[in-house]
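Counting starts at 1 for both ligands and their atoms, in listed order. Values below: every heavy atom of this structure, side chains too, minus hydrogens, waters and symmetry copies.
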Amino acid sequence: MCGIVGYVGPRNVQDFLLEGLRRLEYRGYDSAGTAIIENHHDLLVTKSVGRIANLAQRVTGSSDDCQIGIGHTRWATHGAATLVNAHPHVGGENCLAIVHNGVIENFAELRSQLVSQGYSFVSETDTEVIAHLLSEQIRQKTGGDRSGTTYPRELGMEAIREIMPRLRGTYGLAILFKDWPETLFAVRLGSPLIIGVGDGEHFVASDASPLAGFTDQIVYLADHQIAMISEDRLQVSHRDQGPVAHDVQKMEIRSNQVELGDYEHYMLKEIFEQPESIRNTLRGRLNHDDATPVFGGLNLSPQELRKVKRIVLTACGTSWHSALVGEYLIEEIANIPVEVEYASELRYRNSPTEAETILIAITQSGETADTLAALKEMKRKGHPTLAICNVVGSSIAQEADGGVYLHAGPEIGVASTKAYTSQCIALTLLALYLGRLRHVSYETGRQMIDQINQLPEAVEKALQTNRQVAEIARKYHACDNFLYLGRHYNFPTALEGALKLKEISYVHAEGYPSAEMKHGPIALVDLNTPSVFVMPTGFIYEKVMSNLEEIKARGGPVIAIAAQGDQRVADVADDVIYVPPTAEFLQPIVTVIPLQLLSYHIALMRGCDVDKPRNLAKSVTVE
Ligand code: AGP
């Protein structure tokens, strides 16, 4: 949450900052702001409440004599979404400007110390504390001398280094000092920061998306590192170790991947990208000769994996739903016991774990604070950790001992769609891989690989339901309550369908195992509460059909997601959306497609901002 950009170089600074912030807007959109230095000494801060479009109207554009600036888009944590709370925040006597992603947990204590030292605060944010703390540190180092005496910029670096131990919490910061108008400073602990290296220019961003089309050379700043950045020089220091070398890596993202193209919304674009994103997750990972998936980065040998007695899957939100799919898959295919834990709970529980337990964290962004903390805790206890992650080089990807990248491409829509199906497919591959290390036969392995290979085509066909789904959405979009029901592999699909609807259309929806609804939720059923049944043909079909009849007997409208060729369901359900029949272990990846589309169309019809739902941010980097 919160997006940061920074730039030093010959381009029009405000133009880059605004474009970068537009691309980061999915990380938060409560308010936005920029700070630039003009004419080598004028620190100019512009802020607005709401979207980047509002900020763009206020920003006047930077003069030719401006080479440096920082920008921020906010997801409010401390203090409401007001102009004073918008970033950048300035330090004492306007000597510096700062943008922050993260949370300073001891800000109240620091704030009262600073107040007693004579600092006054204009905002309610934790960030303003850092701004004043840093200006106080500079004041102490220079003896308060602001008479124009030139101090080297290393003094700024030194001041940042010195305040770091006093900050408890997480931060990614970009900082401009009025006294060093050619240098941009960046520092991180627990919140991501990337530096883009160009020809005579440098960029700073919370993630790679603002850099696409500007440079493909990037440096991932690590925790406790401070970067001192000018047009043509990047120096990185570690808080305790002093200067450190930095690796410049090639970025995978292309600019067309972060553009909308012909689509009206990123969510719709990403829904329709799924056949391709699934192919990308599968690419190079199916070995037909050995009838097994293969992975390059697990960093655990087959011998080590054979000894695993339990797998803990941890994640948040939609990724937690894919973890549930993973639980069914791994237990069914590999016969290894699996626990699925909310990352936010796992971290603080003290559940006994056998030595031969591995942890797998599942995350699109790789930056979710709860997931990162849970992974660190399990690592600390000595368990091997893996990450199933979309964003290359993200904090969780770096922290895990090994893992699987999804290669689904950037996911910009706040509602996760293509990352979810890629997570499910990565877990399917992992389940089969583990199964083939144990009891799954060569022949079964071959058969499953053939079925997996047909998946992108099945998803393509499922996407063809779009028009029909839009008609169904028109029929039900005014309803204020929905039930989503499914069993076995399709129980997590029901949860995911309900979450999609809730988060983008603000409609109340409950996901349940369909048999479980008899134990309470059935009381919600009435003429205006549709039940969405996820019920492709399979061993549990008859049972789900009985659950459907139970709803119909109480007058509830039913929308069924069923397998092509199932005529029976059409006689009882009010509306049926047919998807291609697939092997049961692959069904969740196909049945979720119409549910994604349903939530999209309902949200549109209710006038909601599909890509930027209220109160949400794409990456939740606070606990
Ligand atoms: C999904 O639509 C949500 N935006 C949210 O639940 C998300 O899946 C969750 O915050 C976890 O994010 P991650 O996958 O990036 O860790």
Proximity of E503 to ligand 1 by residue part, where a heavy atom lies under 4.0 Å: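 For E503, the contact with ligand 1 is made by the side chain alone.
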Which residue holds the protein heavy atom closest to [atom], what is that atom called, and what is the gap in Å?
| atom | answer |
| --- | --- |
| atom 10 (O) of ligand 1 | V620 CG2, 4.0 Å |
| atom 11 (C) of ligand 1 | C316 O, 3.3 Å |
| atom 7 (C) of ligand 1 | T318 N, 4.1 Å |
| atom 4 (N) of ligand 1 | V414 O, 2.9 Å |

Judged by modelled atom types alone, do T385 and D401 share a side-chain donor-acceptor pair under 3.5 Å?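 The answer is yes; a qualifying pair exists.
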Report yes or no: do R51 and N54 form a side-chain donor-acceptor pair below 3.5 Å?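 The criterion, which ignores hydrogens and geometry beyond distance, is not satisfied for N54 and R51.
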Best match, L616, D370, T368: closest heavy atom to atom 12 (O) of ligand 1: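 Closest candidate by heavy-atom distance is T368.
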Do G366 and ligand 1 have an N or O pair less than 3.5 Å apart?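 There is no such contact.
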Any N/O of K500 closer than 3.5 Å to an N/O of ligand 1?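 Yes; the residue has a nitrogen or oxygen that sits under 3.5 Å from a nitrogen or oxygen of the ligand.
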I472: which of I559, T465, V532 passes side chain to side chain contact (heavy atoms under 4.5 Å, CB included):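 Considering I559, T465, V532, a side chain to side chain contact (heavy atoms under 4.5 Å, CB included) with I472 is found only for I559.
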R380 vs K376, test: side chain to side chain contact (heavy atoms under 4.5 Å, CB included). Steps then yes/no. CA-CA 6 Å; R380 190 195 59 74; K376 283 183 175 167; over 6 Å; no
Just grab all the ring pair (Phe, Tyr, Trp, His ring centres under 6.0 Å) pairs involving residues 588-623, residues at least two apart or on different chains.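 For residues 588-623: H265-Y600.
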Find all atoms of ligand 1 within a distance of less than 4.0 Å from any non-hydrogen atom belonging to [X], and give their numbers and elements.
| X | answer |
| --- | --- |
| S416 | 1 (C), 2 (O) |
| Q364 | 13 (P), 14 (O), 15 (O), 16 (O) |
| S365 | 13 (P), 15 (O), 16 (O) |
| A415 | 2 (O) |
| S319 | 8 (O), 13 (P), 14 (O) |

Are any non-hydrogen side-chain atoms of T314 and L359 less than 4.5 angstrom apart?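 Heavy-atom side-chain distance check passes, below 4.5 Å.
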Taking NZ, NE, NH1 and NH2 as the nitrogens, is one of them in R349 or E341 under 4.0 Å from a carboxylate oxygen of the other?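 Salt bridge between R349 and E341, a charged N being under 4.0 Å from a carboxylate O: yes.
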Measuring from the heavy atoms of E367, does anything fall under 4.0 Å of ligand 1?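 Flag not set, E367 not near ligand 1.
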Strictly under 6.0 Å, is that where the ring centroids of Y420 and H321 end up?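 Distance test on ring centres: not under 6.0 Å, no.
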Pair Y433 + F295: ring centers closer than 6.0 Å: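 Here the rings of F295 and Y433 have centres that are less than 6.0 Å from each other.
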